[in-house]
Amino acid sequence: MRKYFIPGSILMAGCSLFLLFFFTVCQHSFSDFAMELFCHELSGNTINLHYTLTDPEALGIEEALPSFGGFNKAAVEKEVSYLKNCQKQLTHYLNRELKEEELLTAEVLDWWLTGQISSEQFYYYQEPLGPTLGIQAQLPVLLAEFPFRSREDIDTYLKLLTTLPAYFDEIAAFEKEKSEQGLFMNDEILDKILAQCHSLFPINKTHFLVTTFGERLEDCEFLDSDQKISYEVQNLRILNRDVTTAYKNLCRSIEALRGTGINKYGLYHTPKGIEYYESLLRYNIGTDLGMAEIHKLLEEQMESDYETILYAVHQNTDILHIDKDIPSRQKPSDILAKLQKQIQTDFPAPQDVSWQVKEVPDSLTQFLSPAFYMTPAIDAREENTIYINPSYQPNRTELVTTLAHEGYPGHLYQNSFENKGAYHPLRNLFYIGGYTEGWGMYSEFYAYDFLGLSDLEADFLQAMSSLNYAICASLDLAIHGEGWTEENCLAYLSSFGITNAEQTHELYLNILEEPSNYLKYYLGYLEICRLKESALALSSSLTLYDFHKWFLEMGPAPFPILKKHLDALEVSSHLLQRTHQNIHLLAVKPVHNGLNHFPVEPCVLLIGCNSLPRKGEEHHPLVLCAADAGYISLFYQVVNGGG
């Protein structure tokens, strides 16, 4: 759950306009220092700026010429030099007495700067393009939601569109350099990207970038009808002239690189792949666990989930038929409203914010996740939007748990705490995937208690979903951290009775596309569980409400820093922990941006209720098969440029 940042605002995805300034500690407070850095990170990227602030001038930010930011090595080197200077200045503040909140911000900033600076060595390992996660796939949605609050915003938007050919040219040049380094994508992923790009065209009067533009103009009371018509004409002309040209040129450029992707496997098989993957674990997820520790944690959780499933089946074999393909009869908005009320036993009362639910445009349904949440500007927290992808047609369980992940108590709810103004705005720019996506998954699993099922049924369905995620996360670790090939994955999945080669192939491609993505969700969830275990062990008086309140009010931070601040957790008067609540993992382990936070594809696996043996089939090996396999809902796709 982060702000919409596009590559360009951070080191690994290019660089915003470099603003050289020097901090004099004796003349600047830490808050001033942090605010200058905040303004710098936003100033050179129009999308990032407009999705983060409605009124940049209120913070002294003068908007530069419309730009998507730069994407070249020279800009990165300049940014690294700037960030190193920032970190030197930061050490002076860390050696002074800071207020508690300032100290936390300084600690997280130091961690973030270290990650950004160290990532320079992995410049060619980043991948701005992708069938679902790439900027070329995310950008149309961001453009369709670009807010028009004034005539200046509309003019900025149209000028921004005219810069897209140059921005995509820089990405094409970067991909050529990647190819020369032997790090270009394989042809199958290339085909998917090309198909996604081609699906956006032709652009006519019914295209969603045309219709959504007109819809936003309708809400602009500061325009008369003639002005609206004039803008609509300009928009259609620029879309066909500049946007179409940008995408076609990009397609031609990367098509010319076909066949140059020599590595058809994971990061393990590249020169710095292991180091890069470890960097993703530390700075994208926010964990300090090594790969061996993560592997052990995943294995333990899979064993726990498997035991839960076996116990439920032993108690009641009819549980295998639960909720099978039952469509939801409720509107998503009604489900969200109900979730708002249901969570208040174990969570602080939701902030008074508004939200709306929209459907993904038809032309994007096959490329975007089942659902995603778009975060509002930090000075307009009422503008919350959740997109539902109608092509997935989720059943009742999937819809409720998805909306819990994206809405309450998931990302929308989580974001309302970040925008309360309790900590420095700079922290809104830190994307810590494990904290954000782990909470979305935590919320998704929590929502099984809201399905009106018995404890046994809820635990069974939750364990089935958790086991799916654990398998995918384990494969992510094995492919990129241990060098597994697709054949290795097939052999591993066959031990679960999963033999569908087509499903395995799709999952393998998904994991190649975005290393550590499944771990960002599932390991983040497990880290929250471990943190919860440690928190509740501090005092028998502490409740789930206390832990949830502390975790949300702490805000985005890597898990090692959160652990350091556990002593700030206080017992509240809200002693309402439910005795029937299954504190998942409590015995053995401790619990979805804007544009930087790339969306997660739904897992193509794995396990459906029909995978388990029925009564009278005890002679069959008890393995989890892919018969009637159900989708897993990994659904938060707001892109975050800091991650």
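- Listed here is the closest heavy atom pair of S541 and D546: O-OD2, 3.9 Å.
- In this structure the side chain of Y51 never reaches within 4.5 angstrom of the side chain of T375, judged on heavy atoms.
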Inset, instruction - Could you check S31 against E102 for side-chain hydrogen bond (donor to acceptor under 3.5 Å, both in side chains), going step by step and ending with a plain yes or no? - result: CA-CA 8 Å; S31 180; E102 289 181 329; 5.5 Å; no

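- Although no hydrogens or angles enter the test, the distance criterion places a donor-acceptor pair under 3.5 Å between the side chain of N468 and the main chain of M464.
- Residues W111 and I432 have side chains in contact (heavy-atom distance under 4.5 Å, counting atoms from C-beta outward).
- With hydrogens and angles ignored, the 3.5 Å screen pairs a side-chain donor or acceptor of Y435 with a backbone N or O of F551.
- Taking the centre of each ring, Y408 and F347 stay at or above the 6.0 Å mark.
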Legend entry - Q121 and E275: CA distance, side-chain angles, deciding distance, side-chain contact (heavy atoms from CB on, under 4.5 Å) verdict: CA-CA 10 Å; Q121 63 184 305; E275 295 93 329; 5.6 Å; no

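- Of the candidates F445, Y446, Y518, W439, F445 is the only one forming a ring-ring contact (aromatic ring centres under 6.0 Å, His included) with Y525.
- Contact record, H548 with D346: ND1-O, 2.6 Å, taken as the closest heavy-atom pair.
- Without hydrogens or angle criteria, H269 side chain to G483 main chain gives a donor-acceptor distance under 3.5 Å.
- Ring to ring, Y469 and Y521 are not that close: their centroids are 6.0 angstrom or more apart.
- Between L281 and S516, the shortest heavy-atom contact is CD2-CB, 4.5 Å.
- If you take OH on Y508 and OG1 on T485, they are separated by 6.0 Å, rounding to the nearest 0.5 Å.
- Checking side-chain atoms of E398 against main-chain N and O of N395 turns up a donor-acceptor pair under 3.5 Å.
- Screening K563, K564, R282 for a salt bridge (Lys or Arg N to Asp or Glu O under 4.0 Å) with D288, the sole residue that qualifies is K563.
- The side chain to side chain contact (heavy atoms under 4.5 Å, CB included) test with E79 is passed by exactly one of E120, E41, K84: E41.
- Counting heavy atoms from C-beta outward, F122 and L280 have side chains that stay 4.5 Å or more apart.
- Looking only at distances, no side-chain donor or acceptor of S466 sits under 3.5 Å from a matching main-chain atom of Q462.
- Rounding to the nearest 0.5 Å gives a distance of 8.5 Å between CG of L426 and CZ of F33.
- A distance-only check finds a donor-acceptor pair linking the side chain of T308 to the backbone of S304 [under 3.5 Å].
- In summary, the side chains of E486 and T504 do not present any donor paired with an acceptor at a separation below 3.5 Å, with no hydrogens or angles considered.
- Using a 4.5 Å cut-off on side-chain heavy atoms (C-beta onward), F559 and L289 make no contact.
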Legend entry - Worked check of side-chain contact (heavy atoms from CB on, under 4.5 Å) between F547 and L531: CA-CA 9 Å; F547 172 73; L531 198 60; 4.2 Å; yes

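- For the residue pair Y423 and M554, the shortest heavy atom distance occurs at CE2-O, 4.3 Å.
- A side chain to side chain contact (heavy atoms under 4.5 Å, CB included) with Y125 is found for one member of P515, S279, P271 and no other, namely P271.
- Side-chain contact check for L536 versus L544: some heavy-atom pair is nearer than 4.5 Å.
- The shortest distance between side-chain heavy atoms of V353 and L412 falls below 4.5 Å.
- P350 approaches Q340 most closely through the heavy-atom pair CG-O, 3.7 Å.
- We find the NE2-CD distance between H424 and E101 to be 9.5 Å, quoted to the nearest 0.5 Å.
- In terms of heavy atoms, L98 sits closest to L103 at CB-N, 4.0 Å.
- Heavy-atom contacts from other residues, nucleotides or ligands closer than 6.0 Å to OH of Y265 number 12 or fewer.
- To the nearest 0.5 Å, atoms CD1 (I511) and CD1 (I479) are separated by 4.0 Å.
- For the pair N510 and N517, the minimum side-chain heavy-atom distance is 4.5 Å or more.
- A donor-acceptor pair under 3.5 Å is formed between the side chain of N95 and the backbone N or O of T91.
- Between the CH2 atom of W112 and the OG1 atom of T105 there is a distance of 13.5 Å, given to the nearest 0.5 Å.
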Inset, instruction - Tell me, with the steps shown, if L339 and F450 meet side-chain contact (heavy atoms from CB on, under 4.5 Å). - result: CA-CA 8 Å; L339 286 170; F450 301 144; 3.6 Å; yes

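- Between S465 and E444 the shortest side-chain heavy-atom distance falls below 4.5 Å.
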Inset, instruction - Mind running side-chain contact (heavy atoms from CB on, under 4.5 Å) on K338 and I335 for me, showing each step along the way? - result: CA-CA 5 Å; K338 187 175 181 180; I335 294 174; 5.7 Å; no

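- The CG atom of L267 lies 8.0 Å from the OH atom of Y277; values are rounded to the nearest 0.5 Å.
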